[in-house]
Undergrad: 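Pasting a structure below so you can have a look.
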Amino acid sequence: QVTGLVRRLYLAVSALKPRVTVSAATITWTPAATHFPSWLKTAAWADVLQDWRGWLAEGILDLNVPMAYFRHETHAAEFAQWSRFAKQNRFQRHLALGLGGYLNSSSNTIIQIRGARAVVSPTIPAADGVVVYSYAAPAKDGESRAAFIQALTRPSPPSAAAPVFAQAVPPPERPWKTDPARCGLGGVITDARTGQPIAGAQLEARGPGALLTADANGAYGRMLSNA
């Protein structure tokens with residue numbers, strides 16, 4: 001039902017303003033996912049019913065922002081595992097790793113930023129960006145926002161490396177948002193006699209993914225082409 005709601009929202013937004021980016025701040029609690037079988041045991045899937053991997057695969061999410069809020073001193077491995085999994089499971093959509101700046105010193109947040117922006121392998125590219133939480137407290141121990149922003153634009157650890165943001169970074173392109181072949185199918189299945197929506201009704205359409213199931217409100221939908 002959560003996925004059904006995300007699908008309806010994506011189709012409705014795309015119909016009204018096709019170029020709008022639909023994003024979600026998603027769960028990444030421990031233990032971290034490292035491959036698909038372990039994904040099915042994570043809190044995101046099993047506890048909060050948030051199949052963000054599936055949303056990306058289906059093409060009903062443009063930007064994934066996994067809230068990887070981990071203290072670097074104690075949970076560096078968990079951050080690295082979620083970072084790798086999110087990079088591997090983006091399905092040609094955008095990824096901006098969420099960082100818990102309020103839990104870390106500026107130097108440790110910068111280490112996490114470098115990890116997010118690192119290319120692991122040809123099949124695991126860098127994240128498209130990062131989101132630091134929070135604006136009110138971007139670093140722990142009372143470090144000011146001004147000091148944190150300054151740290152992002154100056155040489156920093158390890159070994160006084162180049163600034164993580166030496167210059168402004170333009171937003172990445174979204175080729176799937178302007179693909180003329182990409183479209184969506186959606187609607188509501190109702191009882192012809194009563195006009196009430198039919199939960200769980202099935203609709204068969206032509207093409208891949210042809211069997212669609214209505215949600216609790218009788219609504220069905222599917223993106224018919226993905227970049």
Side-chain angles (χ1 to χ4, degrees), residues 1-68 82 84-98 123 128 174-227:
Q1 296 301 330
V2 175
T3 294
L5 175 61
V6 174
R7 185 181 298 119
R8 289 180 67 192
L9 287 170
Y10 191 86
L11 290 168
V13 170
S14 296
L16 185 63
K17 292 187 176 181
R19 297 183 70 102
V20 167
T21 293
V22 178
S23 66
T26 55
I27 292 298
T28 59
W29 299 338
T30 56
T34 56
H35 55 354
F36 182 71
S38 64
W39 162 249
L40 299 179
K41 298 178 182 179
T42 63
W45 172 277
D47 294 344
V48 300
L49 313 180
Q50 198 182 73
D51 182 19
W52 52 259
R53 181 188 181 277
W55 303 343
L56 292 161
E58 187 178 331
I60 54 175
L61 191 65
D62 297 316
L63 171 62
N64 183 27
V65 186
M67 296 181 287
W82 272 120
R84 183 185 181 95
F85 182 83
K87 291 176 182 179
Q88 285 179 307
N89 294 274
R90 61 210 297 176
F91 298 95
Q92 301 182 52
R93 295 300 184 260
H94 284 160
L95 166 68
L97 276 168
T123 59
D128 299 287
R174 303 165 302 158
W176 66 91
K177 301 294 283 187
T178 56
D179 181 0
R182 183 172 179 268
C183 59
L185 170 69
V188 177
I189 301 176
T190 59
D191 188 308
R193 295 168 300 173
T194 65
Q196 295 299 308
I198 304 175
Q202 291 190 325
L203 170 72
E204 186 174 359
R206 295 182 180 180
L211 188 61
L212 308 179
T213 302
D215 64 15
N217 298 297
Y220 65 89
R222 179 71 63 185
M223 293 306 298
L224 300 180
S225 174
N226 287 322

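What you see is a predicted model, and the numbers here were worked out from it, not measured in a lab.
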Undergrad: Please list, one pair per line, the donor and acceptor atoms closer than 3.5 Å that link side chains of residues 190-199 to other protein atoms, with sequence neighbours excluded.
TA:
residue	atom	partner	partner atom	Å
Asp191	OD1	Arg193	N	2.7
Asp191	OD1	Thr194	N	3.4
Thr194	OG1	Gln196	N	3.2

Undergrad: Side chain to side chain contact (heavy atoms under 4.5 Å, CB included) for Val2 and Gln50? Distances and angles first, verdict last.
TA: CA-CA 7 Å; Val2 175; Gln50 198 182 73; 5.7 Å; no
Undergrad: Does some side-chain heavy atom of Ile27 sit less than 4.5 Å from a side-chain heavy atom of Met67?
TA: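 Answer yes - side chains close enough.
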Undergrad: Using the rule given for side chain to side chain contact (heavy atoms under 4.5 Å, CB included), can you reason through Thr34 versus Trp39, listing the C-alpha separation, both sets of side-chain angles and the distance that settles it, and then say yes or no?
TA: CA-CA 7 Å; Thr34 56; Trp39 162 249; over 6 Å; no
Undergrad: Work out which heavy atom in Thr42 is nearest to a heavy atom in Pro31; give both atom names and the distance.
TA: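 Closest pair (atom of Thr42, atom of Pro31, distance): CG2-O, 4.0 Å.
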Undergrad: Give me the atom names and distance for the closest heavy-atom approach of Trp176 to Asp62.
TA: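 It is NE1-OD1, 2.7 Å.
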Undergrad: Can you confirm whether Tyr220 sits close enough to Arg7 that some side-chain heavy atom of one is under 4.5 Å from a side-chain heavy atom of the other?
TA: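 No, side chains not in contact.
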Undergrad: For the residue pair Phe91 and Leu56, what are the closest heavy atoms and their distance?
TA: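 Reported closest heavy-atom pair: CB-O, 3.6 Å.
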Undergrad: Among Thr213, Leu203, Asp215, find the one that has a side chain to side chain contact (heavy atoms under 4.5 Å, CB included) with Ile189.
TA: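 By the side chain to side chain contact (heavy atoms under 4.5 Å, CB included) criterion, Ile189 pairs with just one of Thr213, Leu203, Asp215: Leu203.
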Undergrad: Search all heavy atoms of Phe85 against all heavy atoms of Ala33 and return the closest pair with its distance.
TA: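 Smallest heavy-atom distance, with atoms named: CB-O, 3.4 Å.
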Undergrad: Do Asn64 and His94 have side chains that get closer than 4.5 Å, going by heavy atoms?
TA: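 Of all side-chain heavy-atom pairs linking His94 with Asn64, none is under 4.5 Å.
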Undergrad: Between CZ of Arg93 and CD of Glu58, what distance do you get to the nearest 0.5 Å?
TA: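 Separation between the atoms: 10.5 Å.
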Undergrad: If you compare all heavy atoms of Pro66 against all heavy atoms of Leu95, which two are closest, and at what distance to 0.1 Å?
TA: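 That closest heavy-atom pairing would be CD-CD1, 3.5 Å.
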Undergrad: Using a strict 4.0 Å threshold on nitrogen-to-oxygen distance, state whether Asp128 and Arg90 make a salt bridge.
TA: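 Salt bridge present between Asp128 and Arg90.
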Undergrad: Applying side-chain hydrogen bond (donor to acceptor under 3.5 Å, both in side chains) to Trp55 and Thr3, what does each step give before you reach the verdict?
TA: CA-CA 7 Å; Trp55 303 343; Thr3 294; 2.9 Å; yes
Undergrad: Enumerate donor-acceptor pairs with a distance under 3.5 Å from any side-chain N or O in residues 14-23 to protein atoms, sequence neighbours excluded.
TA:
residue	atom	partner	partner atom	Å
Ser14	OG	Tyr10	O	2.8
Thr21	OG1	Arg174	NH1	2.6

Undergrad: Starting from the C-alpha separation in whole Å, work towards a yes-or-no answer on side chain to side chain contact (heavy atoms under 4.5 Å, CB included) for Leu11 and Met223.
TA: CA-CA 8 Å; Leu11 290 168; Met223 293 306 298; 3.4 Å; yes
Undergrad: I would like to know whether Arg53 and Phe36 meet side chain to side chain contact (heavy atoms under 4.5 Å, CB included); could you show each step before the answer?
TA: CA-CA 9 Å; Arg53 181 188 181 277; Phe36 182 71; 3.6 Å; yes
Undergrad: Return the orientation label for the Trp82 and Trp52 ring planes: parallel under 30°, perpendicular over 60°, tilted otherwise.
TA: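 Geometry flag for Trp52 against Trp82: tilted rings.
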Undergrad: Check whether any side-chain N or O of Glu204 sits under 3.5 Å from a backbone N or O of Leu212 as a donor-acceptor pair, and report yes or no.
TA: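 Pair absent, no side-chain N/O of Glu204 close to backbone of Leu212.
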Undergrad: Okay, side chain of Gln202, backbone of Ala214: is any donor-acceptor separation there less than 3.5 Å?
TA: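 A pair under 3.5 Å: no.
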Undergrad: How close do Gly59 and Arg182 get, heavy atom to heavy atom, and via which atoms?
TA: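 Nearest heavy atoms, Gly59 then Arg182: O-NH2, 3.3 Å.
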